[in-house]
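Notes follow once the structure below has been shown.
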Amino acid sequence: MRVLLLGGTAEARALAKALHPRVDVISSLAGRVPDPALPVGPVRVGGFGGVDGLRRWLRDERVHAVVDATHPFAATMTAHAAQACGDLGLPHVVLARPAWDPGNAMVVASDAQAAEVVARQGYSRIFLTTGRSGVAAFAGSDAWFLIRAVTEPEQALMPRHHHVVLSRGPYRYDGELALLREHRVDALVTKNSGGDMTRAKLDAAAALDIPIVMVARPPLPAGVQAVGTVDEAATWVAALCLT
Ligand code: NAP
């Protein structure tokens with residue numbers, strides 16, 4: 001029973017730990033981060049070369065099932081996995097951590113819409129946490145941005161006035177509160193990533209009455225099976241092993 005585990009998240013690492021070595025699980029990382037947190041067990045790194053490449057790889061490596069535990073915003077990889085598994089008739093499940101309740105946040109469908117809201121509302125000091133790829137939508141803004149990302153965004157794609165903080169979670173409430181105060185932030189822009197590792201910023205913003213602009217998750221491909229926790233994904237794999 002060989003399982004491809006599409007990763008790049010804490011949940012994927014936890015699932016690899018739960019399955020290895022009972023199950024022959026190969027974790028896959030995109031290879032974007034220079035010093036990634038590695039899961040236990042075998043790991044491959046880099047893109048597959050689109051749906052065709054993934055289909056080929058799954059056949060060559062004699063994979064029996066795929067667990068897609070990529071980040072909820074890794075929509076391209078998720079679409080490719082759904083397509084390739086559908087084509088090959090492979091069992092496939094998406095492990096997607098539950099989304100945050102947006103509460104009073106202004107919910108938008110894309111980074112571009114978030115940038116429109118920021119401009120329309122006249123926010124001037126924005127804590128931007130949509131990640132490296134989410135920065136470009138704000139490139140034309142005259143506001144000041146505190147940009148937090150794991151790797152440095154491309155200089156040409158950044159808004160004129162900014163300060164970059166390179167870090168990765170987890171983040172704690174006290175630290176987030178201090179950061180928002182220190183930089184006199186007047187709006188938070190975030191993706192609805194879900195999970196506990198990065199949610200403290202929402203509570204800190206709410207405590208300071210700072211408005212939140214939240215980019216909604218891309219929808220999952222039609223018809224895919226999804227689970228919300230590592231335990232459920234491990235149970236799904238265990239059930240396959242018994243069949
Ligand atoms: P994406 O836009 O959905 O994927 C773009 C391409 O990157 C895919 O077509 C695939 O290339 C390659 N790729 C993505 N995930 C891969 C994986 N786990 N293994 C092998 N190739 C992968 O993905 P993304 O949003 O850039 O995310 C890249 C990675 O960072 C993912 O592993 C994701 O879990 C992690 N991550 C993403 C975010 C986020 O906000 N998007 C946040 C935290 C972590 P080919 O077409 O060549 O196969």
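Everything numeric in this text was worked out from a predicted model, so none of it was measured. Residue numbers count from 1 along this sequence. Each ligand, and each atom within it, is numbered from 1 in the order the structure gives.
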Can you tell me if R217 uses its side chain to pair, donor with acceptor, with the backbone of S193 under 3.5 Å?
yes
N192 (side chain) donor-acceptor with A216 (main chain) under 3.5 angstrom:
no
Is it true that the side chains of Q113 and S110 contain a donor and an acceptor less than 3.5 Å apart?
no
Check whether more than 12 heavy atoms from other residues, nucleotides or ligands sit under 6.0 Å from atom CZ of R2, and answer yes or no.
yes
Identify all N/O pairs between ligand 1 and the protein with a separation under 3.5 Å and present them as a table of atom names and distances.
from	atom 1	to	atom 2	distance (Å)
ligand 1	3 (O)	A74	O	3.1
ligand 1	3 (O)	A75	N	3.4
ligand 1	3 (O)	T76	N	3.0
ligand 1	3 (O)	M77	N	2.8
ligand 1	7 (O)	R32	NH2	2.8
ligand 1	18 (N)	S28	O	3.0
ligand 1	19 (N)	S28	OG	2.7
ligand 1	26 (O)	R32	NH1	2.4
ligand 1	32 (O)	G7	O	2.7
ligand 1	34 (O)	G7	O	2.8
ligand 1	34 (O)	H71	N	2.9
ligand 1	40 (O)	H71	ND1	3.3
ligand 1	40 (O)	K191	NZ	2.4
ligand 1	46 (O)	G50	N	3.1
ligand 1	47 (O)	F48	N	3.3
ligand 1	47 (O)	G49	N	2.9
ligand 1	48 (O)	F48	N	2.7
ligand 1	48 (O)	G49	N	3.4

For F145, ring-ring contact (aromatic ring centres under 6.0 Å, His included) partners two or more places apart
F138
Less than 4.5 Å apart, any side-chain heavy atom of L4 and any of L54?
yes
